[in-house]
Protein chains: 2
Amino acid sequence: MESQERFAQFLNSRGLRSSAPRSQVARIFLRTERHVSTGELYDLVRKKHKEIGYATVSRTLKLLEEAGLCRQVDFGDGTLRYEHAYKHAHHDHLVCTKCGAFVEIYSGKLEKLQDKMVEKYGYMQETHKLNIFGVCPKCQKKK
Amino acid sequence: MESQERFAQFLNSRGLRSSAPRSQVARIFLRTERHVSTGELYDLVRKKHKEIGYATVSRTLKLLEEAGLCRQVDFGDGTLRYEHAYKHAHHDHLVCTKCGAFVEIYSGKLEKLQDKMVEKYGYMQETHKLNIFGVCPKCQKKK
DNA sequence: GTGATATTGATAATTATTATCAGTACTGGT
DNA sequence: ACCAGTACTGATAATAATTATCAATATCAC
């Protein structure tokens with residue numbers, strides 16, 4: 001429930017309103033521990049709130065992102081997904097090219113190495129996105 | 001000129017034809033040492049060959065990719081770019097979020113670390129895409 | 001409450017890519 | 001050379017996802 005508060009706080013600090021649709025979309029997203037696309041979240045929202053439109057879902061996701069509560073994930077398949085970011089440490093993804101299954105991966109060494117690379121070129125790092133594509137164990141067996 | 005031959009060879013091995021439009025698009029792409037989007041390449045092609053359509057450029061890029069001559073690059077800004085892949089070692093990208101400038105980066109250590117991670121989860125690696133986003137030295141000074 | 005204004009939802013617009021398809025141009029066999 | 005079969009092309013339409021528009025509505029400070 002804490003992240004819900006954080007969202008309200010964020011809206012307030014920006015002079016934005018905690019409207020009913022915004023709160024409802026946010027609640028449903030925050031309750032769903034999955035990587036959802038805008039369309040998927042829209043479907044979830046619709047189960048409870050038939051009156052909420054796609055645009056509002058899309059806009060709310062953008063706000064959640066700015067509030068630091070979610071993060072865009074791009075698996076390169078044409079649709080963007082969003083994952084939780086609040087109290088969820090940074091990580092990268094290992095995606096199966098056959099079935100779409102993925103696991104979240106993290107390595108401190110890998111992060112440090114990246115920092116070094118960035119420094120070398122005089123850049124100031126903001127974020128990074130690493131997606132590794134391959135075939136998952138299940139799909140390897142199927143073949 | 002060698003990559004041109006390789007393309008012809010690839011087409012032949014697939015039972016495809018080395019048509020004039022295909023060769024022309026390929027030649028212009030291979031001569032341009034830049035990361036181009038389909039639209040940009042289309043414009044370049046149009047300067048020399050007014051009769052070639054967008055679809056052909058798009059299709060030829062796909063073929064070049066299958067031939068191992070180019071590689072898709074997705075900076076997450078909505079348009080896909082293509083870069084040379086033949087005799088161009090694998091590398092990742094460090095992209096400036098202010099001006100779009102980027103540098104190609106590579107680290108053997110980083111690659112090895114990734115291999116370990118993949119192995120750990122039983123996946124069979126195919127490719128990976130690492131984009132680091134930050135602010136380049138020039139844009140840091142401007143500010 | 002009330003009024004200024006942020007927000008909403010339906011729809012249209014946008015953007016990039018991909019599919020369709022009739023006409024054209026190659027191909028290999030004769 | 002000719003011919004039949006088929007791959008290729010380019011214009012256009014279709015697709016897909018996101019974003020902009022805008023009149024109607026809801027919200028919040030006062």
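Scope of the values below: all heavy atoms of this structure, side chains included, with no hydrogens, waters or symmetry mates. Naming: A, B, ... by sequence-line order, numbering from 1 per chain.
Note on A:Gly78: only backbone sugar-phosphate atoms sit closer than 4.0 angstrom, heavy atoms only; bases stay farther off. Residue contacts shown for A:Lys50 are absent, as no nucleic acid heavy atom lies under 4.0 Å away.
Separating the OH atom of A:Tyr82 from the P atom of D:dA17 is a distance of 13 Å, rounded to the nearest angstrom. Atom CG of A:Leu11 is separated from atom C1' of C:dT5 by 16 Å (rounded to the nearest Å). For the pair B:Asp74 CG and C:dT17 C1', the computed distance is 13 Å after rounding to whole Å. Distance, B:Leu63 CG to D:dA7 P: 14 Å, rounded to whole Å. The CD atom of A:Gln72 sits 13 Å away from the C1' atom of D:dT19 (whole-angstrom rounding). Distance CD (A:Glu51) to C1' (C:dA10): 14 Å, rounded to an integer number of Å. Rounding to whole angstrom units, CG of residue B:Leu61 and C1' of C:dA16 are separated by 14 Å. If you measure from atom CD of B:Glu40 to atom C1' of C:dT15, you get 15 Å, rounded to the nearest angstrom.
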Footprint string (nucleotides 21-30 of chain D, 5' to 3'): B base within contact, S backbone only, - free, heavy atoms under 4.0 Å: B----BBS--
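A donor-acceptor contact closer than 3.5 angstrom is absent between the side chains of A:Glu111 and A:His91.
A side chain to side chain contact (heavy atoms under 4.5 Å, CB included) with B:Val25 is found for one member of B:Leu44, B:Leu30, B:Val45 and no other, namely B:Val45. The side chain to side chain contact (heavy atoms under 4.5 Å, CB included) test with A:Leu69 is passed by exactly one of A:Leu61, A:Leu63, A:Leu64: A:Leu64.
Relative orientation of the B:His93 and B:Phe75 rings is perpendicular, given thresholds of 30° and 60° on the angle between their planes. Between B:Tyr106 and B:His90, the angle of the ring planes goes over 60°, which puts this pair in the perpendicular group of the 30/60° scheme.
When the side-chain nitrogen and oxygen atoms of B:Arg14 are compared with OP1 and OP2 of D:dA7, none of them lie within a distance under 4.0 Å. Distances shorter than 4.0 Å separate some side-chain N or O of A:Lys62 from OP1 or OP2 on D:dT19.
Taking B:Arg17 as the reference, nothing meets the salt bridge (charged side-chain N to carboxylate O under 4.0 Å, His left out) condition, with sequence neighbours excluded.
With C:dG9, C:dT17, D:dT19 as the choices, the nucleotide that has an atom nearest any side-chain atom of B:Tyr54 turns out to be C:dT17.
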Can you list, pair by pair, the side-chain donor-acceptor contacts under 3.5 Å of residues 118-127 of chain B, counting residues two or more places apart and other chains?
unit_1	atom_1	unit_2	atom_2	d
B:Gln125	NE2	B:His128	ND1	3.3
B:Glu126	OE1	A:Thr97	OG1	2.9

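Between A:Asp77 and B:Ile52, the one whose closest nucleotide on DNA chain D sits nearer the 5' end is B:Ile52. With the nearest nucleotide of DNA chain C identified for both B:Leu80 and A:Thr56, A:Thr56 has the one nearer the 5' end.
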